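A short worksheet on the structure shown next.
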Amino acid sequence: MVQDDMHTHRRRDDTDDTKGHRLEAAAESTFAKLLNRFVMPILFGVVAFFVSDTLKDIRSGQEAQGQAISELKTEFRVLTTRLDEVVIRQVNANSGQLVNHEQRLQALEREGRNR
């Protein structure tokens with residue numbers, strides 16, 4: 001018997017082409033139809049449920065992060081307001097000292113002229 005190089009996947013005693021189509025026969029079997037009709041939709045439903053649940057967890061995590069970020073923004077605004085208040089008070093205190101320095105300088109200049 002001559003072995004065909006193109007069809008090395010066939011058995012040697014398979015001389016008929018209809019026997020070589022076992023995959024088609026398997027696809028047309030009752031078990032394959034049952035699997036395709038009932039098991040696959042259930043499997044897809046289970047996978048869809050888990051994907052949906054995972055997405056829900058991700059969204060709730062993002063919401064929590066968004067809330068934490070907004071709280072941080074609020075705290076940062078309060079902190080910058082307090083810092084601005086301290087700076088303004090310091091500037092006011094220093095400007096008062098500058099007025100005193102200006103008055104002292106003018107007094108010293110007057111004394112220097114009088115001498």
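This structure is a prediction, so every number in the text was calculated from the model and none was measured. In what follows, residues are counted from 1 in the order of the sequence shown.
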(message) Checking R89 against E85 for the salt bridge (Lys or Arg N to Asp or Glu O under 4.0 Å) test, could you report, in this order, the C-alpha distance in whole Å, the side-chain angles of both residues, the deciding distance, and whether it holds?
(response) CA-CA 6 Å; R89 287 179 190 234; E85 181 185 359; 2.8 Å; yes
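Interatomic distance, CG of L55 versus CZ of F50, reported as 13.5 Å (0.5 Å rounding). Here the CD-CD1 distance, from Q62 to I69, works out to 10.0 Å after rounding to the nearest 0.5 Å. Separating the CG atom in D53 from the CD1 atom in I58 is a distance of 10.0 Å, to the nearest 0.5 Å. We find the CG-OG1 distance between L35 and T30 to be 12.0 Å, quoted to the nearest 0.5 Å. Atom CZ in F31 sits 11.5 Å away from atom CG in N36 (nearest 0.5 Å). Distance CZ/R77 to CG/L79: 13.0 Å, rounded to 0.5 Å.
Not a single donor-acceptor pair under 3.5 Å links the side chain of S52 to the backbone N or O of A48.
Tracing side-chain contacts under 4.5 Å through hydrophobic residues (I, L, V, M, F, W, Y), one never reaches I42 starting from V39; they form parts of separate clusters.
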